[in-house]
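Scroll down for the structure; my scribbles are underneath it.
Because only heavy atoms are used, hydrogens play no part in the values below, and waters and symmetry mates are left out as well, while side chains stay in. What you are looking at is a predicted structure, and each value in this text was computed from that prediction instead of being measured. Chain letters run A, B, ... following the sequence lines, proteins first and then strands; every chain starts at 1.
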Number of protein chains: 2
Amino acid sequence: MVAQAAGVSPSTVSRLLNGTARVSPEKRATIEVAIEALGFVVNPVASGLAGGRSRCIGVITQALSSPFYGNALLGIEDVLIGANYAPLFVSGHWRPRDEQRCINSLLSRRVDGLIILTPSLPDAELLALARRLPLVVTGRQLTGPGLCSLDFDNHAGAYLATEHLIRLGHRRIAFIKGTASHPDATDRLRGYKAALKAHGIAFDPALTVPGKFIEEGGEQATEHLLASGTAFTAMLAANDQMAYGAALALYRRGLRIPDDVALVGFDDLLGSSYTLPPLTSVRHPIQEIGRQAARAVTALIQGQVCEMQAPAPSLIVRDSCGAAPSVRVSHPV
Amino acid sequence: MVAQAAGVSPSTVSRLLNGTARVSPEKRATIEVAIEALGFVVNPVASGLAGGRSRCIGVITQALSSPFYGNALLGIEDVLIGANYAPLFVSGHWRPRDEQRCINSLLSRRVDGLIILTPSLPDAELLALARRLPLVVTGRQLTGPGLCSLDFDNHAGAYLATEHLIRLGHRRIAFIKGTASHPDATDRLRGYKAALKAHGIAFDPALTVPGKFIEEGGEQATEHLLASGTAFTAMLAANDQMAYGAALALYRRGLRIPDDVALVGFDDLLGSSYTLPPLTSVRHPIQEIGRQAARAVTALIQGQVCEMQAPAPSLIVRDSCGAAPSVRVSHPV
DNA sequence: TTGAAAGCGTTACCAA
DNA sequence: TTGGTAACGCTTTCAA
């Protein structure tokens, strides 16, 4: 270490830099002068090798540019940098294989902890991984040693949205489901059903169509629904992307939102304020979730237990849903 | 190194792993068996320290979740992983300070090269940086030792879009400008002007309004334009986000796209296929640009010179622009 | 083609 | 509170 050329032993410099032990004021001053003079910056590679710690946290997201997870990344980045950790962002592309490759790569880089946003790997793998290093996962309910999880309250969100439509007078509310294998999808469906039940509306399977969580899926689901002749006055999509697709399908059929059909989305993507009409949607405080995940992983690293509490979702009401048209009250309920 | 426990000297193993020198077939076989048996994986931290190379490339984007740059990241990731480099993604948030911090952090991590997507730092800084390590920048025209740049053809894209509108019969074409300090913004404006000129249409400053490259800006610009009473039959927004804002403002005023006003965007974001109506937009082959940047940085590392050629933009025609309404031909030209 | 040995820039342990 | 010294796991001369 260069700083030693201007003073003391390398150990002392290291101790000063890391606050590992007390250093006498005089030595401290001498060292600080030398550091300044030499423009010294620690080499994290070397300290990672020697100390076994890298001050890096691996962050696995499924798509780097996902408008949904993007906000979580922002929160994670902010907290991590503040805690003097460097985030390493990688994307798993929703493929367990890629995710495993990312994990291996991060492990070999000796990251101090790992955050996985909605993992695609099975629970057992994650539990095993958590035994090797501190792990935080979102979008899944999981507990174990060295593991901390934070699930969105999808049930509550879907309940909220459905209830809003019911209060507006809608009784025939279609639901566009997400990918069945996705835990978010099933929870959102459950929330929808629960709200119907709570308001004494029978669940009609004919109103539930699959949309694969993408625009095209929402579009096809809506076309399918319209073609089937099933009557409905409102639609709830299990995510905003499917709602965009649904809006296009309705538009092509000459149906107006909200006049002919009310539409509600889920996730409140940035673009949803600028759809025509602006889309009512369920919002998770996703950036806050990222912040919590980042705090959790640093806590785990310090050997603390951590408790995360998913902040409650809220409904952002915009122009895409209005009262049920009274002329359609005659529809079967 | 563990592999040596099962055979030869660490140097030989290193040579085999890196292809630094020839290894006799027998030794090679023995070593490979040992590697397999021990499940050995190189420690990039250690080899980075010893060799001075990290096989990491730093990638600085301005916003990790940008729908525009996201595709570039995909291309970069793909090529880099294929070349056995690991990308390190960080975001500069369009702030020179953050960008500098990112650069320092990546430098201290000893990345072998750097890709900066549309840097916010001044040219001089970038030129200086390129002297320290191989650097590739996009969205800017810059040459120097160890430096390679790839600019989008913004001029051609804007020309293409404007010409399309002119061919549809539009003469009064409003233009929503991006942030003035952004080089993309000025090139797009130039392209618009050039197309007008080529078709004998006088440039009217009253038709050019600033929109800051964001939805809200496009919305306000459009409101401003409508309030000003300036006649126009078409609008070209310097990016899709502003086009979304413009669409909302038109919608609020009861103006229909494309019947009352034709609208064209720029960048062809994923969402633009699903706006109402789907948006005609200029598309850069942005993923290909990412791939080129990644190839360029690996070439630079190997000491090769590199030539990058920005692929030509194309116009994706959707439903948001139709022929100019003949009833409006009386508008001042 | 191979091995021995000297680092790379830190941290961590042990003695002082 | 300090310094000495041995790692950390690999690459890279230099000789053989």
Side-chain angles (χ1 to χ4, degrees), chain A residues 1-32 34-35 37-56 84-86 104-112 132-133 301-302, chain B residues 1-35 38-56 84-86 104-112 132-133 301-302:
Chain A
M1 195 192 310
V2 246
Q4 137 212 32
V8 294
S9 85
S11 341
T12 311
V13 179
S14 169
R15 284 189 279 251
L16 173 61
L17 257 27
N18 300 292
T20 319
R22 313 188 63 104
V23 178
S24 72
E26 312 113 56
K27 304 232 169 204
R28 165 187 297 266
T30 330
I31 295 171
E32 278 168 351
I35 286 179
L38 279 67
F40 172 80
V41 189
V42 287
N43 180 337
V45 180
S47 65
L49 219 212
R53 279 167 278 89
S54 58
R55 295 213 73 86
C56 279
N84 195 25
Y85 278 96
N104 292 339
S105 152
L106 291 168
L107 243 32
S108 79
R109 294 224 130 63
R110 303 298 192 270
V111 292
D112 296 340
R132 296 192 53 182
L133 87 174
I301 289 171
Q302 285 157 33
Chain B
M1 196 192 311
V2 246
Q4 136 213 33
V8 295
S9 85
S11 341
T12 311
V13 179
S14 169
R15 285 190 276 252
L16 174 61
L17 256 26
N18 299 293
T20 319
R22 310 188 65 103
V23 178
S24 72
E26 313 113 55
K27 302 234 171 199
R28 166 189 295 268
T30 331
I31 294 172
E32 278 168 352
V33 167
I35 286 179
L38 278 67
F40 173 78
V41 189
V42 288
N43 181 337
V45 180
S47 68
L49 219 211
R53 278 166 278 89
S54 59
R55 296 213 72 87
C56 279
N84 196 23
Y85 278 97
N104 292 339
S105 152
L106 290 168
L107 244 32
S108 79
R109 292 226 131 63
R110 303 296 191 272
V111 291
D112 296 341
R132 297 192 52 180
L133 87 174
I301 289 172
Q302 287 157 32

Intermediate values then yes/no, side chain to side chain contact (heavy atoms under 4.5 Å, CB included), B:Ile31 and B:Ile35 = CA-CA 6 Å; B:Ile31 294 172; B:Ile35 286 179; 3.9 Å; yes
How far apart are the C-alpha atoms of B:Leu133 and B:Leu107, what are their side-chain angles, what is the distance that settles it, and do they pass the side chain to side chain contact (heavy atoms under 4.5 Å, CB included) test?
-> CA-CA 9 Å; B:Leu133 87 174; B:Leu107 244 32; 3.8 Å; yes
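Comparing A:Ser47 and A:Arg15 by the nucleotide of DNA chain C whose heavy atom lies nearest to each, the residue mapping closer to the 5' end is A:Ser47. Two residues, B:Val23 and B:Ala50, neighbour DNA chain C, and the one matched to the more 5' nucleotide by heavy-atom proximity is B:Val23. Between B:Val45 and B:Thr20, the residue anchored closer to the 5' end of DNA chain D is B:Val45, taking for each the nucleotide with the nearest heavy atom.
A:Val42 comes within contact range of the sugar-phosphate backbone alone, with a heavy-atom separation under 4.0 Å but no base atom that close.
Taking atom CZ on A:Phe40 and atom P on C:dG9, their separation rounds to 10 Å, with Å as the unit. When the P atom of C:dT11 is taken as reference, atom CG of A:Leu49 falls 11 Å away, rounded to whole Å. D:dC10 atom C1' lies 13 Å from atom CD1 of B:Ile35, rounded to whole Å. Nucleotide C:dG3 holds its C1' atom 12 Å from the CD1 atom of B:Ile31, rounded to whole Å. As rounded to whole Å, 12 Å separates atom P of D:dG3 from atom CG of A:Leu16. The CZ atom of B:Arg55 sits 16 Å away from the P atom of D:dC10 (whole-angstrom rounding). Between A:Leu17 atom CG and C:dG9 atom P the separation is 15 Å, expressed in whole Å.
Distance alone, capped at 3.5 Å, is enough to place a donor-acceptor pair between the B:Arg110 side chain and the B:Ser108 backbone.
Less than 4.0 Å separates DNA chain C from no heavy atom of any residue of residues 105-112 of chain B.
Here the shortest heavy-atom pairing between B:Arg28 and B:Val23 reads N-CG1, 3.9 Å. Taking every heavy atom of both residues into account, A:Asn43 and A:Val45 meet most closely at OD1-N, 2.7 Å. Among all heavy-atom pairs drawn from A:Arg109 and B:Arg55, the shortest one is NH2-O, 4.3 Å.
Atom CG of residue B:Leu17 and atom CD of residue B:Glu32 lie 9.5 Å apart, to the nearest 0.5 angstrom. With rounding to the nearest 0.5 Å, the separation of CG in A:Asn18 from OG in A:Ser47 is 7.5 Å.
For the helix from C:dT1-D:dA16 to C:dA16-D:dT1, the angle separating the two terminal helix axes comes to 30°, with each axis derived from five pairs and the value rounded to 10°.
The phosphate of D:dG3 has OP1 or OP2 within less than 4.0 Å of a side-chain N or O from A:Thr12. At least one side-chain nitrogen or oxygen of B:Asn18 sits closer than 4.0 Å to the OP1 or OP2 atom of D:dT11. Residue A:Ser11 has no polar side-chain atom (N or O) positioned under 4.0 Å from OP1 or OP2 of D:dT5.
Under the side-chain hydrogen bond (donor to acceptor under 3.5 Å, both in side chains) criterion, B:Asp112 pairs with B:Ser54, not counting sequence neighbours.
Taking every side-chain heavy atom of A:Arg53 into account, C:dA12 is the closest of C:dG9, C:dA12, C:dG3.
With hydrogens and angles left out, the side chain of A:Ser14 and the base of C:dA12 share no donor-acceptor pair within 3.5 Å.
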